[in-house]
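So that the names make sense, note that chain A is the first sequence line, chain B the second, and so on, each numbered from 1. Just so it is clear, the structure is predicted and the values come from calculations on it, not from any experiment.
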There are 2 protein chains.
Amino acid sequence: MADGPTINTIAARAGVSIASVSRVLNGLPTRQETVRKVMAAADELGYVRNAVARSLKSRRTHQVAFAMADVGNPAYLAMLREIQPVLKAAGYRLVLHSTDAVAADEIDVLRSLGERYVDGLIMSPLRVTDAHLETLAAARAPVVIIGQVPEGTPVDNVRADSRTGVRLAIDHLHALGRRRVAMVNGPLDTVPGAARGAGYREALEAVGLPYDEDLVQIADFYRPEGRRAVAELLARRPDVDALMCANDLIALGALDVLRDAGRRVPEDVAVAGMDDTDLAAASWPSLTSVSLGSAERGRVAAELLLERLNGGEREPRRVTVPPRLVVRASTAGEGHCGEGHGTGHGTEGHGTEGHGTEGHGTEGHGTEGSGA
Amino acid sequence: MADGPTINTIAARAGVSIASVSRVLNGLPTRQETVRKVMAAADELGYVRNAVARSLKSRRTHQVAFAMADVGNPAYLAMLREIQPVLKAAGYRLVLHSTDAVAADEIDVLRSLGERYVDGLIMSPLRVTDAHLETLAAARAPVVIIGQVPEGTPVDNVRADSRTGVRLAIDHLHALGRRRVAMVNGPLDTVPGAARGAGYREALEAVGLPYDEDLVQIADFYRPEGRRAVAELLARRPDVDALMCANDLIALGALDVLRDAGRRVPEDVAVAGMDDTDLAAASWPSLTSVSLGSAERGRVAAELLLERLNGGEREPRRVTVPPRLVVRASTAGEGHCGEGHGTGHGTEGHGTEGHGTEGHGTEGHGTEGSGA
DNA sequence: TTGTATGCGTTATCAG
DNA sequence: CTGATAACGCATACAA
């Protein structure tokens with residue numbers, strides 16, 4: 001309860017000046033005797049540096065902000081999980097902003113950099129508008145953008161390449177002998193939808209398959225939408241033998257419908273998703289999925305920001321993280337009762353299998369009640 | 001790049017004293033003319049308050065920390081997702097600490113409260129040790145613990161009740177006519193393992209079933225472990241007709257093994273999990289699971305902390321959040337081809353179905369490369 | 001080596 | 001109503 005001790009308290013106790021206290025605390029050359037006295041006093045009083053005063057003086061908060069639409073989104077979560085340890089190792093705390101996908105909120109975050117409560121910002125905006133760019137140009141602290149920014153924007157930038165990602169999957173399906181590969185894409189007016197659609201056409205051309213509009217179906221990026229879309233597609237084209245889905249949720253919806261229709265996966269129809277979320281490994285059959293490298297994008301973004309925080313000025317840098325195909329049972333299945341359960345995660349360090357642990361020691365014995 | 005303007009800059013520009021500037025900025029009674037001049041100057045200069053200086057003076061940072069083992073864990077994530085908006089609405093920023101389940105790190109976080117970079121802390125420790133309690137007693141800011149603390153610890157505390165949770169599930173299974181209900185529990189030396197084991201015995205007794213040691217199997221809280229354990233159990237007791245699993249991952253492992261063994265779920269064997277993670281809805285058949293109310297625990301914790309931040313002193317409070325059974329196909333199945341896909345989430349506001357959206361506009365057209 | 005004094009950007013007190 | 005001025009807790013240039 002009592003107000004914490006300051007260097008003044010210590011100085012008094014040790015019988016020295018606050019300057020000496022500060023010097024000892026910062027490891028500057030000081031007489032042994034003084035060091036001893038100061039350390040003793042600090043120990044006894046349980047002194048802890050005041051970070052706020054420190055920041056005011058040093059103009060560094062040792063805090064970095066990460067702003068994204070929604071922590072619940074597996075893609076952002078993957079970024080967060082990589083960003084956190086990188087920053088921590090470098091001595092930075094992490095301030096989390098959830099913008100709920102509201103552009104105005106994102107701009108607020110950019111503006112708030114003027115308050116100087118963080119040294120830098122990593123931001124993954126839904127869509128970069130002109131307003132973003134304006135505010136960005138006037139930002140009072142270094143910013144790294146994860147996502148798509150216009151060519152030439154003077155900002156550190158880390159991006160995915162889902163176009164190539166789609167191509168990886170199509171190549172895979174084609175190599176397995178599939179020839180009627182449909183695409184269940186997201187809305188075409190979204191950035192990812194457009195890119196994935198383009199990737200689909202490119203990939204078909206590359207493997208020498210014709211582009212057939214009949215094989216394209218649009219769905220919002222959710223599971224029920226995936227069900228609806230795949231049902232329609234199946235009704236129109238019952239001969240389809242592979243489904244490229246624009247994300248894992250749509251792919252789960254596809255599995256639902258195929259199961260109900262009595263089509264075996266992957267024997268009759270192979271299914272591939274995108275994003276490689278936890279759900280891909282949990283479903284049955286487990287889902288082949290294209291990882292867009294969210295985790296790595298997070299890590300790279302953090303490293304870029306640290307570089308700029310330490311190093312100072314340099315040219316803005318742009319990094320594109322390559323996609324990676326994670327093959328599981330929904331395309332590669334070895335018979336529908338195979339034991340390929342733990343179909344791994346390739347090479348990526350800590351896979352998703354590991355962290356879904358448990359409710360961790362939070363327990364209650366009965367009904368202690370909840371009132372005051 | 002130029003250093004941001006301060007109230008001094010504005011004062012000079014407006015031809016008034018810094019005191020007047022501060023007053024205007026804080027809405028204190030001031031002559032209209034002065035207000036006008038100050039606002040004009042502030043606007044032109046793009047002035048933004050310096051949060052650090054403000055904090056130093058006011059002794060409030062408007063930041064709150066949340067410390068848990070791992071953001072990747074769905075339980076913590078659910079808490080985070082509730083905590084964030086509550087704090088944001090109250091004008092607080094959220095500082096995130098990942099302790100990697102290392103007790104020493106948790107204690108460091110408690111100690112670091114002395115640095116005064118946050119106004120309060122919400123912490124969900126793996127296990128509360130004596131060292132925790134000591135540090136807690138000396139904490140220099142209000143703390144809310146999510147989890148189990150010893151009786152009488154003078155700290156705001158929010159807890160789950162997995163014992164009752166297990167009972168809900170067993171009651172459900174018994175009501176469905178199952179009579180040989182096995183338990184695949186976590187290690188008994190963990191807090192959750194012990195509580196769930198106790199809940200299992202209690203529940204059996206309550207419904208009048210005998211406790212049979214043969215029906216209990218221990219597994220670590222992971223899917224491969226779940227597979228191993230259930231395989232053993234099945235070999236020993238092929239007559240089992242229901243499985244109560246201590247978490248969702250173990251339950252997924254159970255589904256794997258049952259499928260391979262040709263047992264139908266739920267017709268031959270019903271399966272229930274715990275934690276009600278995203279995975280429960282994604283699996284097939286979808287998994288009946290006991291929610292321990294992680295989301296609500298998070299929300300309550302945030303509210304308790306805010307109360308204390310605003311209100312000041314009061315008696316420490318303890319809240320127990322009741323568990324909730326979420327019934328899905330793995331116990332209630334309406335035939336194995338039923339359309340009960342979207343089996344809902346009960347009542348809990350925003351269900352998990354909604355947020356697993358997509359890779360959000362992060363795209364790249366090709367190979368811009370990753371070099372400098 | 002040590003102490004004194006000043007400033008970081010605000011807010012708040014107290015005369016004018 | 002306004003303007004000097006003193007904190008807030010720390011770091012540091014400068015003087016001793």
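Atom C1' of nucleotide D:dC8 and atom CZ of B:R116 are separated by 13 Å, given to the nearest angstrom. If you take CD1 of A:I7 and C1' of D:dA11, they are 8 Å apart, rounded to a whole angstrom. Atom pair B:L28:CG and D:dC1:P shows a separation of 11 Å (rounding to whole Å applied). One interatomic measurement links the two molecules: CZ of B:R23 to P of C:dG9, which rounds to 20 Å at whole-angstrom precision. Counting to the nearest Å, the P atom of C:dG3 and the CD1 atom of A:I18 are 11 Å from each other.
A donor atom on one side chain and an acceptor atom on the other are found under 3.5 Å apart for B:Y92 and B:R60. Counting only N and O atoms by type, the side chains of A:S112 and A:Y117 include a donor and acceptor under 3.5 Å apart. The closest side-chain donor-acceptor pair between B:R13 and B:N8, if any, does not fall under 3.5 angstrom. A donor-acceptor contact under 3.5 angstrom links the side chains of A:R49 and A:N26, judged on distance only.
For the pair B:P150/B:L133, a side-chain contact is recorded, criterion being any heavy-atom separation below 4.5 Å from C-beta on.
Heavy atoms of A:V16 sit under 4.0 angstrom from primed sugar atoms or phosphate atoms, though from no base atom. A:T30 comes within 4.0 angstrom of the backbone, heavy atoms only, and of no base. Note on B:N26: only backbone sugar-phosphate atoms sit closer than 4.0 angstrom, heavy atoms only; bases stay farther off.
For the pair A:Y117 and C:dG9, the criterion of a side-chain N or O lying under 4.0 Å from OP1 or OP2 is not met. A close approach under 4.0 Å does occur between a side-chain nitrogen or oxygen of A:S22 and OP1 or OP2 of D:dA11. Here B:S20 reaches the OP1 or OP2 of D:dG3: one of its side-chain N or O atoms lies under 4.0 Å away. Between A:T6 and D:dG9 there is no side-chain N or O to OP1 or OP2 distance below 4.0 Å.
A:E82 and A:A295 get closest at one heavy-atom pair: CG-O, 3.2 Å.
Heavy-atom contacts from other residues, nucleotides or ligands closer than 6.0 Å to CZ of B:R314 number more than 12.
Contacts between residues 50-60 of chain A and DNA chain C, defined by a heavy-atom separation below 4.0 Å, involve A:L56, A:K57, A:R59, listed by number. Residues of residues 31-44 of chain B that place a heavy atom closer than 4.0 Å to DNA chain C do not occur.
When atom types are taken as modelled, the side chain of A:S124 and the backbone of A:I146 share a donor-acceptor pair closer than 3.5 angstrom. A:D156 places no side-chain N or O within 3.5 Å of a backbone atom of A:A301 that could act as its donor or acceptor partner.
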